[in-house]
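Working notes, beginning with the structure itself.
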Amino acid sequence: MSNPLPPVSSAPLIVVGAAIVNDRGQVLAAQRAEPPALAGCWEFPGGKVEPGESDVSAIVRECREELGVEVELVERLGPDLPLQRDFGVLRVWIARLAEGEPTALEHAALRWLDATELDDVAWLPADAPLIDELRVRLAEW
Ligand code: C5P
């Protein structure tokens, strides 16, 4: 008898994000272009960790694909946070630019925000709890 349900992956979904901080203590915010429910909201650029990939490699890959830059990771920002639309977690690392200037290859827009500007954009729900800690880190940068 065939099973009507598709195979279910046992691997937990991990979405990674990069809080890229520049030499002026500003962080890069990226505005989503899609899907329609999220378009216009701002996020730390990133995406899903692929099977067999580490979270660190996934961030480096996503920053290449989405922004056209090379990043080096500095340290984690906050704990893993629950994703609302997907079952899984968001894991964000603070990063520095190693090469290139970010370009919105997949996003609607990019903005560099200093510590006083972090509330100027509407962050995705999963990213928003990290903003208070980020404000402290940017002020000390
Ligand atoms: O970018 P991508 O579509 O691969 O992201 C997968 C899911 O993770 C989406 O639902 C998106 O809203 C969420 N996400 C998030 N915060 C980020 C990056 C992605 O909540 N910084």
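Numbering of ligands and ligand atoms starts at 1, following listing order. Just so it is clear, the values below take in all heavy atoms, side chains as well, and ignore hydrogens, waters and symmetry mates.
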| query | Minimum heavy-atom separation for L113 to W123, with atom names? | reply | CD1-CZ2, 3.9 Å
| message | Using a 4.0 Å cut-off on heavy atoms, what residues surround ligand 1? Order them by chain and number. | response |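 Residue list for ligand 1: V15, R32, L38, E43, F44, G46, G47, K48, L83, R85, D86, L90, L124, A126, D127.
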Please list every donor-acceptor pair under 3.5 Å in which a side-chain atom of residues 11-29 meets a protein atom from a residue at least two apart or in another chain.
{"from": "N22", "atom 1": "OD1", "to": "R24", "atom 2": "N", "distance (Å)": "2.9"}
{"from": "N22", "atom 1": "OD1", "to": "G25", "atom 2": "N", "distance (Å)": "3.2"}
{"from": "N22", "atom 1": "OD1", "to": "Q26", "atom 2": "N", "distance (Å)": "2.9"}
{"from": "N22", "atom 1": "ND2", "to": "Q26", "atom 2": "OE1", "distance (Å)": "2.8"}

Tabulate below the donor-acceptor pairs under 3.5 Å that side-chain atoms of residues 93-105 make, not counting sequence neighbours, or state none.
{"from": "T103", "atom 1": "OG1", "to": "E101", "atom 2": "O", "distance (Å)": "3.4"}

| task | Verify the cluster assignment for L38 and V121: are they in a single hydrophobic cluster under the rule of side-chain heavy atoms below 4.5 Å apart? | result |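 No, L38 and V121 fall in different hydrophobic clusters.
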| task | Kindly say whether C41 contributes a backbone atom to a donor-acceptor pair with the side chain of Q31 at under 3.5 angstrom? | result | no
Sequence neighbours excluded and cut-off under 3.5 Å, please list the side-chain donor-acceptor pairs for residues 43-52, or say none.
{"from": "E43", "atom 1": "OE1", "to": "R32", "atom 2": "NH1", "distance (Å)": "2.9"}
{"from": "E43", "atom 1": "OE2", "to": "H107", "atom 2": "NE2", "distance (Å)": "2.7"}

